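Nothing fancy with the numbering, it's 1 onward along the sequence. Hydrogens, waters and symmetry mates play no part in the numbers below; they use all other heavy atoms, side chains included. Since this is a predicted model, take the numbers as computed values, not measurements.
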Amino acid sequence: MLQLISWMVLAAIHALPALALFRPSMIGRLYGVAGDNPLFLLLHHRAALFLVIFVLCIWAAFDPASRRPVSVGVAISMLSFLMLYWSTGSPDALKSIAIADLAGMPFLIFVAWKAFTA
């Protein structure tokens with residue numbers, strides 16, 4: 001049951017940025033980038049990638065065979081953002097994203113540990 005809850009928490013962390021794929025106006029609120037900015041397209045595509053992570057977390061919650069590769073993918077997504085965030089001086093505009101990823105880290109560690117020790 002704890003694994004199911006942990007995967008769902010990880011899915012929830014990625015749900016809001018994934019919703020920006022269907023509601024592009026959220027990109028401005030989440031990242032402070034206007035629709036006429038060329039970076040808007042990249043952030044819109046980023047929302048599609050978050051949808052992939054979201055779907056994979058839901059999948060892993062119910063399919064134990066998928067948990068190893070999914071935990072690696074989620075770890076790459078979350079850890080790479082945190083490393084880039086810290087390496088660029090922790091920009092205030094991205095602080096809430098870093099906090100969300102940090103909050104998800106114990107859940108990620110738990111599901112990865114269970115996936116690789118089961």
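- Within 6.0 Å of atom CZ in R29, more than 12 heavy atoms from other residues, nucleotides or ligands are found, so the atom counts as buried in its surroundings.
- Under the 4.5 Å side-chain heavy-atom criterion for grouping Ile, Leu, Val, Met, Phe, Trp and Tyr, L30 is not connected to I99 through any hydrophobic cluster.
- Linking ILVMFWY side-chain heavy atoms closer than 4.5 Å, directly or via other members, places F116 and L108 in two distinct hydrophobic clusters.
- Using a 4.5 Å heavy-atom cutoff, the side chains of V74 and L56 are not in contact.
- Cluster annotation: V52 and I27 are assigned to the same hydrophobic cluster (Ile/Leu/Val/Met/Phe/Trp/Tyr, side-chain heavy-atom contacts under 4.5 Å, transitive).
- V111 and I76 are members of different hydrophobic clusters when ILVMFWY side chains are connected at heavy-atom separations under 4.5 Å.
- Minimum interatomic distance between F107 and S6 (heavy atoms only, all atoms of both residues): CD2-OG, 3.6 Å.
- Put simply, the residue from F81, F50, F54 that forms a ring pair (Phe, Tyr, Trp, His ring centres under 6.0 Å) with H14 is F50.
- Side-chain atoms of L102 and M78, non-hydrogen and from C-beta on, never get closer than 4.5 Å to each other.
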> Does the pair L43 and R46 meet the rule for a side-chain contact (heavy atoms from CB on, under 4.5 Å), with working shown?
Replying inline: CA-CA 5 Å; L43 291 172; R46 184 176 192 265; 3.9 Å; yes

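- Separating the NE2 atom in H45 from the CZ atom in F40 is a distance of 14.0 Å, to the nearest 0.5 Å.
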> Can you list the steps and then say if Y31 with M26 is a side-chain contact (heavy atoms from CB on, under 4.5 Å)?
Replying inline: CA-CA 8 Å; Y31 307 110; M26 292 176 63; over 6 Å; no

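- Considering every non-hydrogen atom in both P69 and S66, the closest pair reads CD-O, 3.2 Å.
- One N or O on the side chain of S87 and one on the backbone of M83 form a donor-acceptor pair closer than 3.5 Å.
- A distance of 5.0 Å separates CG in L94 from CD1 in I97, rounded to the nearest 0.5 Å.
- Distance check: M8 CE to I5 CD1 gives 10.0 Å after rounding to the nearest 0.5 Å.
- Looking at V70 and W59, their side chains never come closer than 4.5 Å, going by heavy atoms from C-beta outward.
- Residues V72 and I109 do not share a hydrophobic cluster, defined by chaining ILVMFWY side chains whose heavy atoms lie under 4.5 Å apart.
- Note that CG of D101 is 5.0 Å distant from CG of L82, once rounded to the nearest 0.5 Å.
- Judged by distance alone, the side chain of H44 and the main-chain N or O of L21 form a donor-acceptor pair under 3.5 Å.
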>> For a side-chain contact (heavy atoms from CB on, under 4.5 Å) check, start with the C-alpha distance between W113 and S71, then their side-chain angles and the critical distance, and finish with the verdict.
In response: CA-CA 9 Å; W113 174 68; S71 63; over 6 Å; no

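- In terms of heavy atoms, C57 sits closest to L10 at SG-CB, 3.8 Å.
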>> For K114 and R67: C-alpha separation, side-chain torsions, deciding distance, then whether side-chain contact (heavy atoms from CB on, under 4.5 Å) applies.
In response: CA-CA 9 Å; K114 294 298 278 184; R67 291 178 179 162; over 6 Å; no

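- I58 places none of its side-chain heavy atoms less than 4.5 Å from the side chain of W7.
- The shortest heavy-atom contact between N37 and L39 is OD1-N, 2.8 Å.
- Smallest separation of non-hydrogen atoms from A98 and Y85: CB-CE2, 3.4 Å.
- Scanning both residues, G73 and I53, for their nearest heavy atoms gives O-CD1, 4.1 Å.
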